[in-house]
Amino acid sequence: MLNKIGVIGGGFIGGVLVQEIAQRRLAREVGLSDPAPFINPDDSPERQEVLKKQGVAAGKCLDIAEGLPTLRSDVKVHGSKDYSAIEGAELIINTAGVPRKARPDGTFPTREELLTINLKVTNQVAEGIKQNCPDATIISIANPLDAIVYTLNKRLNPPKNKLMGMAGVLDSGRYCYFVAEAANVSVENVNAVVLGGHGDTMVPVRSSCLIAGIPVQEFLDEETLKAIEARTRKAGGEVVGLLGFGSAFASPAWSALEMAEAIIFDKRKIMPVCAKLEGEYGENGMFVGVPGIIGKNGVEKVIQLNLTDEEKAAFAHSAGAVRKTCNEVDEMLKTL
Ligand code: APR
């Protein structure tokens with residue numbers, strides 16, 4: 001159990017995180033920071049006064065706290081409109097940002113299109129962490145995932161083991177789910193990993209996909225596997241298209257908690273993580289999804305997989321897409 005976990009962004013994912021942290025008793029205290037509802041300077045002064053008194057973070061936390069006697073949990077839960085609620089946190093989970101929402105015509109913006117707005121948000125988040133919990137280990141979920149982690153690194157420059165992004169656990173979970181469904185076996189039997197950037201170029205690694213230790217090709221034919229891999233790459237969008245009001249929230253929250261638990265309980269669990277590469281997989285200075293050992297020190301080691309030539313090329317392509325976005329970030333940050 002930690003003393004304190006801070007959650008930044010109290011939307012759909014942030015809400016699930018706070019509930020689960022309290023229910024699983026992962027820390028003695030959890031603080032949630034979210035400026036919503038935002039005050040619009042064009043609103044009447046009366047309306048602005050009302051909005052000043054409202055707080056999504058405080059409201060969600062009070063709701064959860066009032067349910068804790070039922071769960072017999074003494075975890076302290078509190079929220080704030082500024083970043084004071086995360087003061088002293090040892091672990092931060094960042095969900096602040098604007099998610100992909102379906103447009104009226106049913107299409108939705110790519111993660112990269114949300115870059116501009118989410119960079120501004122990330123600058124504020126970084127400042128909040130710097131002021132309130134500069135030594136915290138950070139798991140970031142906000143999209144575009146790899147670019148936001150890169151931005152947090154630029155703004156905070158933490159030791160590389162203490163900053164990571166959550167995407168691979170979710171993408172791998174989706175891959176496993178589709179494989180288990182197609183093979184008609186328990187999800188517990190499927191082991192698979194998805195590497196690379198958290199976008200359309202991500203790499204479901206077929207050579208590491210096993211059902212009870214047996215290569216997946218012994219259960220599913222080439223056509224089915226290709227369809228599953230394509231669906232995995234677009235799985236986030238599939239949920240966005242169905243929901244119509246935002247993006248996936250239960251599975252991303254649970255995935256981040258899988259990483260948080262590996263840190264809190266020093267599990268040294270191997271899972272895909274968006275981590276800083278310094279020569280591994282031929283990349284330098286980028287944050288890209290790779291398998292890592294996660295323990296009390298955060299990302300304790302990056303694991304080099306023996307990829308096939310095809311997988312190596314797909315990973316290089318994906319890392320190239322991440323690099324392109326990070327170059328855009330470098331330019332945009334000069335003006336923000
Ligand atoms: N600081 C803290 N919180 C902020 C800030 C900020 N500067 N700006 C916005 N937020 C808050 C919003 O007020 C909102 O409550 O972040 C929250 C985001 O919540 P949702 O819109 O419900 O989004 P959610 O589904 O939780 O996803 C959060 O994770 O998977 C990604 O693409 C997703 O980037 C998105 C993030």
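Just follow the structure's listing: the first ligand is 1, and inside any ligand the first atom is 1. Note that the structure is predicted; figures quoted are calculated from it, not measured.
At least one N or O atom of F12, backbone or side chain, sits closer than 3.5 Å to an N or O atom of ligand 1. Between F38 and ligand 1, no pair of N/O atoms sits closer than 3.5 Å. The shortest N/O to N/O separation between N118 and ligand 1 does not fall below 3.5 Å.
Counting heavy atoms under 4.0 Å from ligand 1, residue V56 does not touch it at all. For Y83, every heavy-atom contact with ligand 1 shorter than 4.0 Å involves the side chain, none the backbone. Looking at P252 against ligand 1, nothing comes within 4.0 Å, counting heavy atoms.
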Review point. Between L277 and V302, is a side-chain contact (heavy atoms from CB on, under 4.5 Å) present by the stated rule, with each step listed?
Key: CA-CA 8 Å; L277 299 184; V302 166; 4.2 Å; yes

**Study point:** salt bridge (Lys or Arg N to Asp or Glu O under 4.0 Å) evaluation trace for K4 with E29
**Key:** CA-CA 5 Å; K4 181 162 178 179; E29 182 183 345; 3.3 Å; yes

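Between the side chains of S186 and N189, not a single donor N or O lies within less than 3.5 Å of an accepting N or O. Remark: the Q131 side chain and the E127 side chain contain an N/O donor-acceptor pair separated by less than 3.5 Å. Judged by distance alone, the side chains of E311 and S207 do bring a donor and an acceptor atom under 3.5 Å apart. D171 and H198 form a side-chain donor-acceptor contact under 3.5 Å, judged by distance and modelled atom types alone.
The existence of a salt bridge linking E258 and K269 is confirmed by a sub-4.0 Å separation between a basic side-chain nitrogen and an acidic carboxylate oxygen.
Distances below 4.0 Å separate heavy atoms of A36 from the following atoms of ligand 1: 13 (O). Close approach of ligand 1 to I8 is summarised as follows: ligand atoms under 4.0 Å from at least one heavy atom of the residue are 2 (C). Close contacts of ligand 1 with G9, meaning ligand atoms under 4.0 Å from a residue heavy atom, involve 3 (N), 16 (O).
Among A256, G97, P35, A248, the residue whose heavy atom lies closest to atom 2 (C) of ligand 1 is P35.
In this structure, I141 is part of the shell of residues with a heavy atom less than 4.0 angstrom from ligand 1.
Without hydrogens or angle criteria, S318 side chain to T201 main chain gives a donor-acceptor distance under 3.5 Å.
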